[in-house]
Structure formats: structure tokens, C-alpha cells
Amino acid sequence: MKLPYNPSDKNSVIEYAKKLKGKSLRQVCDLNILEHSYSGKGNFGQVLEKFYFGYEPNSIAEADFAQIGMELKSSPLKQLKNSEYRSKERLVLNIINYINVVNQNFENSDFIKKNASILLIFYLHQPDFDILDYLIKLVDEWSFPSTDLEIIKKDWETITKKIADGKAHELSEGDTFYLGACTKGANALSVRKQPFSKIPAKQRAYSFKQGYVNHIIASIANDPSEIYGKLITSVTVAKKQTIEEIVIEKFNPYYGKTIEEILAITGVEINTTAKSFYANLTKAILGIELDKEVEEFEKAEIIVKTVRLKENNLPKEDISFPNFKYEEIVKEEWDESNFKDILEHKFLFVFFQFENDKLVLRKVKFWNMPYSDILEAEKVWVKTKEIVTKGKIVKEVVGGTRYTNFPNKSFNSVSHVRPHALNASDTYNLPTKDKLTKAKEYTKHCFWLNNTYVRDEIYLK
DNA sequence: GCATGATCATGC
DNA sequence: GCATGATCATGC
């Protein structure tokens, strides 16, 4: 069959691809073929490959357009209330071959062979729409900006080293900055062999983190990115230092200084009572303008947590996460749960400590939760889900105070569940009526990291 | 002094 | 109106 483009000419492929803009698959593909073969089901990318570009979907190691070394990737967008586009999810790339990758360098890796040049096709995902009716919004060829490539190379090496250390089963997205190792497979049983351990490891693929995809989208859409400040100003810097090293180097001169002293040295004026105070102080130290976001943190989806330690090193408060909805948690599985997703992020902890009633900067630390502790957090999540499912939240009511069966600090060393609401009547609906109180809704709760865990496993380590 | 339940303050 | 970071109140 003659193709409507020349597969050995990059411009021809890109030009043909760009005709997709503003169209849906139904508009550009042969409807008869579609209805016979797909009847609205299947995956957007597969339909696109087969019925628009005219080749059979494959899972070969080389790029889809082999002659020009270009890989085709389609991915969904979501639209914000202000009508801007954001990535709906991470962008999943090739599967990690644990056996082969340990014998490769980044430059000659399967990853680079497959993804050095990507033809990106972003479509607007709309709930309840047939995939054939999603509108294609953005089409362009994309390759790594040179500074990003240095970060991604280090990420690739981090992933490879963990496999070489026999720890493929302990891989986590939080291990890396832009390039993640995300799980890929029908279910938790999708495992494969790893070279230096007998433990089967979950099947994983390289992926760009959602935050990173958002920046790709902005660059393709030609959004002027005036809203970002960069830590890494050149390829030279990126080759020499990791994001981690750059951040620690910037914080280092302020260790042992009080907040007042830091403000005086940086000369930045920040409203000390504002909620955004610590976020702004962090930006001041990093040399980022206060009205801008730290580009590298957004791309890597780094969660910044400020902790105030008491003089005995114990954090003054536990660390909260977003509230969970009772009706949602009962439908989730741990592997796809919100809580696990959060815990697999990379964190930047900024530690202050009270010293004679003044707060002094102690240290900053990049951290992501070790595999063994994720398994502990899973127990807390499982128990929480069980309690909500059975409608056994309230244990007893004493006076006006309701005591719950939620996992507390003595249940688990990593995490516990506690209220996080405006007041007791700030509630979410329950999927099952509470057995004891007959209530149909309950005060909002969230998962917390225990302050003792933060002290022992993050601050002191 | 800590654990647990409850609530506050701010900004979008 | 709500999410989020922060803090308070009470009982042991």
C-alpha cells in the first residue's frame, strides 16, 4: 500500500502529522475500516498508527519511523478552568529491559535509540467521549533540550545502577527527577526477571513525569515561559552538577543562620506572616524571583516541605498530605492510589530548628521514601480503606469527642490518619453509613507522616 | 510531654 | 468555597 507520506523523509512525516491538528481520528481515518476493526474500542495510539500512518503497531526496540529514527507518541491533555492545557498523565516510553540495560551506556542505550526524536501528538481527553472523537490539539517533533538531556542522563544512570545493584524490585518514581521508572502492565502480577537478584521485579517503563510533560507542551505551544526561574542556567552547569548539588550549595551558606539573618543577607522582602512565607524564603535562597516558579522543581514534581524542629530534634508537627475522599479510597487499589502516588514523589525537606526561641536553618535534604517504608505506608492505607469500607470509623464517643479506629501513631512507625478539616462538621460523604453513629458523612481526614519518622529517617539520616 | 481530635488562617 | 500549611485543646 502506498503511504500518503515519505517514511524516509522527516519533513514529509512531520508535515503529514501536522494535518491532524484540530481534527479527530474519526475525521481523518477511513470510517469503514475503523468500524469493522475497532468499534470505538482500543487505544488511541494504536488506531493512529494503523489507520492514519498505515503501519502495524509494534513493540520493536527501534523507533517507529525506523528510517528517520523518530518515535510516535500520542498522549492526552486535560483543560484547566482557565482553559489552559496540561498533560493528563505521565508520558510512557519504552519498557525497561532489566537484563540488557545493565550492559549499556546512556549514549548507546535502548532508551536513546528509541526516544532521541519523538513525534508528539497531544489530544484533548474528554470524559464520556469515544476515543475516535478526541480533538488533536498539538503536533510537533521534539528532542531533548541539551540541559534537560544531562538531567535525564543522570536519571537513566540512577535507574540502571539500582538494577545493577539487584534492586529492580525497589525502583520508585521518586528516585529520579525528570525521567521516571513507572510501572507498566495489566496488574501487579506483571513482573519480569532482573539480572542480579532472584526477586521478580514489577515491569516498568521509562516515562516523563507529568510535570515534565507540561513543560514540553508549553514549549510546543510556544507559550512564552516568563513564569519560570531556572536553577540550571547552562549545559556546562548541568554537566558539572546535579539539581541536588546545586540546591544544597545555595542553601549551605545559610546553615546555622536565623530567619531574620537570612532575610537580611538575601535582601528580599517577604511578608513573614503570609502562608507562602517558607516557599518564598526558599526561592530567595535559590535566587529565584518570588513571582516565578522554580522550573526544575516543577518538571521533577518536587514536593517542598518545611519542618520546624524542637530543640530535641523532634518536628513540632506531623506532616500532612491532601485529604482523601471516603468514597474514592474504597474504590482504589494501593498501586493506583493517590497516597502511593504522593509518596513516590521526590521531596525537598527544609529543616529549621528552634534555638532560644528563634528559628535557625539546619539543613536541606532531597528525599524519597525507601521501598521498605512504602510497604509500611501501604499497611496504613489498607487498614484505612478497610475501616471505611466496613463503616467502622467511630470506635466510641466520649462527651462530644469521637474516637476512631483509624490507624494511629502506635499502629505504624511511618504514617497515621488524623482529621484535617475546618471543624468537625467539615465532612466528606461516606460510602457506607457508620455502624456506631449512623452518620452518612464524616470529618475530613488525611494521611500524615509521623514526626518521629521524619526525625529518625529523614532529618537524622 | 505526647497522642489524638479539633480547628485556624490564608490565598486562590 | 475549599485546599493547604499550621496550630490549638484536652486527657492521660
Side-chain angles (χ1 to χ4, degrees), chain A residues 80-84 86 227 259 270-283 290-293 297-298 301-329 338-339 341-343 345 347-354 357-359 364 380 383-384 387-388 392-430 434 436-437 439 441-456 458:
Chain A
L80 303 183
K81 285 185 187 122
N82 66 10
S83 82
E84 287 176 17
R86 291 288 185 279
I227 52 171
I259 285 175
I270 310 174
N271 177 0
T272 49
T273 58
K275 182 185 153 179
S276 56
F277 173 73
Y278 289 104
N280 284 333
L281 190 66
T282 300
K283 283 183 197 169
L290 300 190
D291 59 346
K292 296 186 176 178
E293 296 303 321
F297 285 9
E298 269 209 357
E301 299 180 358
I302 288 167
I303 301 174
V304 181
K305 293 282 185 190
T306 310
V307 178
R308 278 147 310 146
L309 304 165
K310 297 188 286 189
E311 304 213 355
N312 66 4
N313 289 344
L314 191 69
K316 198 164 172 289
E317 306 293 339
D318 306 298
I319 290 177
S320 68
F321 292 113
N323 293 330
F324 58 82
K325 291 195 169 75
Y326 303 110
E327 289 172 316
E328 284 178 9
I329 197 170
N338 271 315
F339 189 37
D341 184 76
I342 293 167
L343 294 182
H345 275 69
F347 291 79
L348 173 63
F349 279 91
V350 183
F351 291 103
F352 291 93
Q353 187 163 35
F354 288 99
D357 290 333
K358 284 194 168 178
L359 274 177
V364 293
V380 177
K383 170 134 196 233
T384 303
I387 285 164
V388 177
K392 289 189 173 173
I393 294 179
V394 182
K395 186 162 67 182
E396 57 171 340
V397 182
V398 181
T401 307
R402 299 168 302 179
Y403 291 89
T404 73
N405 288 306
F406 282 130
N408 57 21
K409 278 183 170 177
S410 51
F411 174 81
N412 188 276
S413 63
V414 174
S415 170
H416 67 278
V417 169
R418 251 182 42 229
H420 192 216
L422 290 171
N423 53 47
S425 55
D426 182 20
T427 60
Y428 284 132
N429 289 336
L430 293 173
D434 188 71
L436 192 75
T437 62
E441 52 193 309
Y442 203 71
T443 313
K444 293 173 183 173
H445 277 58
C446 77
F447 294 96
W448 301 71
L449 277 192
N450 299 352
N451 57 355
T452 45
Y453 176 77
V454 175
R455 177 191 62 195
D456 299 336
I458 307 176

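These values consider heavy atoms only, across backbone and side chains, with no hydrogens, waters or symmetry-generated copies.
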Over how many whole Å does the gap from A:H445 atom NE2 to C:dA3 atom P extend? 16 Å
Closer to the 5' end of DNA chain C via nearest nucleotide, is it A:V304 or A:K316? A:V304
Could you check how far CG of A:N451 sits from C1' of C:dT7, rounded to whole Å? 14 Å
Using modelled atom types and a 3.5 Å cut-off, is there a donor and acceptor pairing between side-chain atoms of A:N405 and backbone atoms of A:I387? no
Need one value for A:H420: base, sugar-phosphate or nothing, where a base atom within 4.0 Å counts as base even if backbone is also close, heavy atoms only. base
Start at the 5' end of DNA chain C and walk down; is the nucleotide closest to A:K325 or to A:W448 reached first? A:K325
A:R418 atom CZ is separated from B:dA6 atom P, nearest whole Å, by 11 Å
Taking only the side-chain nitrogens and oxygens of A:K444, find out if one of them lies under 4.0 Å from OP1 or OP2 of C:dA3. yes
Would you indicate which nucleotide in B:dC2, C:dT7, C:dT4 comes nearest to any side-chain atom of A:E317? C:dT7
Using whole Å, what does the distance between atom P of nucleotide B:dT4 and atom CD1 of A:I393 come to? 17 Å
A:Y428 vs C:dA3: side-chain N/O to OP1/OP2 distance below 4.0 Å: yes
In terms of side-chain heavy atoms of A:L422, which of B:dA6, C:dG5, B:dC8 is nearest? B:dC8
Expressed in angstrom and rounded to an integer, what is the separation of A:N429 atom CG from C:dC2 atom P? 12 Å
Would you please indicate if the ring centroids of A:F411 and A:H416 are separated by under 6.0 Å? no
Within this structure, what is the CG-to-P distance between A:N323 and C:dT4, rounded to whole angstrom? 7 Å
Given the options A:N423, A:N323, A:D426, A:T427, A:K444 meets side-chain hydrogen bond (donor to acceptor under 3.5 Å, both in side chains) only with A:D426
Sequence neighbours excluded, every pair satisfying side chain to side chain donor-acceptor pair (under 3.5 Å) that has a member inside residues 394-404 of chain A: A:R402-A:T443
NZ/NE/NH1/NH2 to OD/OE distance under 4.0 Å, A:D318 and A:K409: yes
Figure out the CG/C1' separation between A:N338 and C:dT4, and round it to whole Å. 15 Å
Indicate the atoms forming the closest heavy-atom contact of A:W448 with A:P419, along with that distance. CZ2-O, 3.4 Å
Test of ring centre spacing under 6.0 Å for A:F447 and A:F339: yes
Give a yes or no on whether the ring-centroid distance for A:F352 and A:Y278 is below 6.0 angstrom. yes
Kindly point out which of B:dG5, B:dT7, C:dC8 is positioned nearest to the side chain of A:A421? B:dT7
Tell me whether the OP1 or OP2 atom of B:dC2 has a side-chain N or O from A:K310 closer than 4.0 Å. yes
Using OP1 and OP2 only, check whether a side-chain N or O of A:R308 sits under 4.0 Å from C:dT7. yes
Distance check needed: C:dA3 C1' versus A:I342 CD1, whole Å only. 12 Å
Could you identify which residues of residues 403-411 of chain A place a heavy atom less than 4.0 Å from some atom of DNA chain C, listed by residue number, or say none? none
